[in-house]
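Throughout, protein chains are lettered first and strands after them, A, B, ... in sequence-line order, and every chain is numbered starting at 1.
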Amino acid sequence: MKRSMNLIPQIPFSILLALSLKPRHGYEIMQQVADDSLGKIKLGPGSLYTAIKQLCDDGLIEEVAPEDSRRRRYRLTSAGWARLSAELEYFDNTLKLARKRPQHQQLRWVTT
Amino acid sequence: MKDLKRRFPLYSLFLGLFPKEYRIRYEDEMLQVTADMLDAAPDAPARALIWLKLFVDVPAGIIAQQLNVATGPLTQQTPRYIMLASMLSSLLLLPFFVILAINTTDQLVFGHSLYNSWLWHMPQLGIWVLQLPLAALIIAAVCYVAYVLAGPDRGKLHWWQRATDVRRAWPVILPILVGCGVLFLFFFHDSVHCWTHVPTYMFTHLSSEVRCTQISG
């Protein structure tokens, strides 16, 4: 899948990344997002479910057969996998490009 | 869920501000996530900090979802033919407003009154104030009637419910109103006798007729 012009916004991207490991319910997603971002992204229920609703509407994630209405678990759809892969590939290519440039030594974040 | 609502009565009321559909779908989960967050907090200051964050985070979600509900049907649920008819009607109505702007500029710069302006005389007048708005009105009205009689949710809603469904049909209702307004202006403006030459009108609007005759002369 080719990456579209717009990047997925940070929070939906983080949720897709969190769900790439296994299906999770809301609180698990929040924890995984916080871990993945080294504590920089701390979601609240409002922003979490706004993003989840949007991702569901876009067909990027779906609900796993519900067992408990309080702890619904979500997983990536095939479209979600494709979108996440495209985003990660784009980031990977961007990093490779940055490393090839002569000034890359000055960009400490690239080499660490 | 009732136990969580009892645990967070104020917060539950707060969640009631989300749109109904969203609330039905996510309220239980949001309460549970909130309970999980608070249960995981090690002490009272940490819990206080969580509540503080919630009362910033949740209103932002409420605003986002309410906006989504308010604007979503305007673009997402409106049938495509209504959007197309709306665009076409708007294009046909556009010359009226463009000419009106030109006319105003003409009046400001050269001091031409509405009657003196060449834009206010037939046959030009007929194009931008009669034919194009009439075409826009017909297109929008036909589309609106088609939506009311054979809308996509025919089985679910009565025709009168679709007729009053402004949130979906506004793209054609608006051109209908504007078109009617322009035609009303056209037929009831006191310059109408300048081109209709209806004897009774000329007789009842003598002063206007004199002015019109002076201009023509």
Side chain, backbone, both or neither of Q65(B) within contact of chain A (heavy atoms, under 4.5 Å) = side chain

Can you tell if the side chain of D36(B) reaches within under 4.5 Å of the side chain of R71(A), non-hydrogen atoms only?
-> yes

Sidechain-backbone polar pair: R72(A) side chain, R25(B) backbone, donor-acceptor under 3.5 Å = yes

Listed by number, the residues in residues 47-56 of chain B that come under 4.5 Å of chain A (heavy atom to heavy atom) are K53(B), L54(B)

Do you know which two heavy atoms are closest between D57(B) and P45(A), and how far apart they sit?
-> OD2-N, 3.2 Å

What residues of residues 22-38 of chain A sit under 4.5 Å from chain B when only non-hydrogen atoms are counted?
-> G26(A), Y27(A), M30(A)

Please identify each residue that fulfils salt bridge (Lys or Arg N to Asp or Glu O under 4.0 Å) with E62(A), with sequence neighbours left out.
-> R75(A)

Atom pair OG1 (T50(A)) and OH (Y26(B)), whose distance is rounded to the nearest 0.5 Å = 9.5 Å

For E21(B), does the CD atom have more than 12 heavy-atom neighbours from other residues, nucleotides or ligands under 6.0 Å away?
-> no

Closest approach of G46(A) to Y22(B) (non-hydrogen atoms, all atoms of both residues) = O-OH, 4.2 Å

Using salt bridge (Lys or Arg N to Asp or Glu O under 4.0 Å) as the criterion, list what pairs up with D43(B), not counting sequence neighbours.
-> none

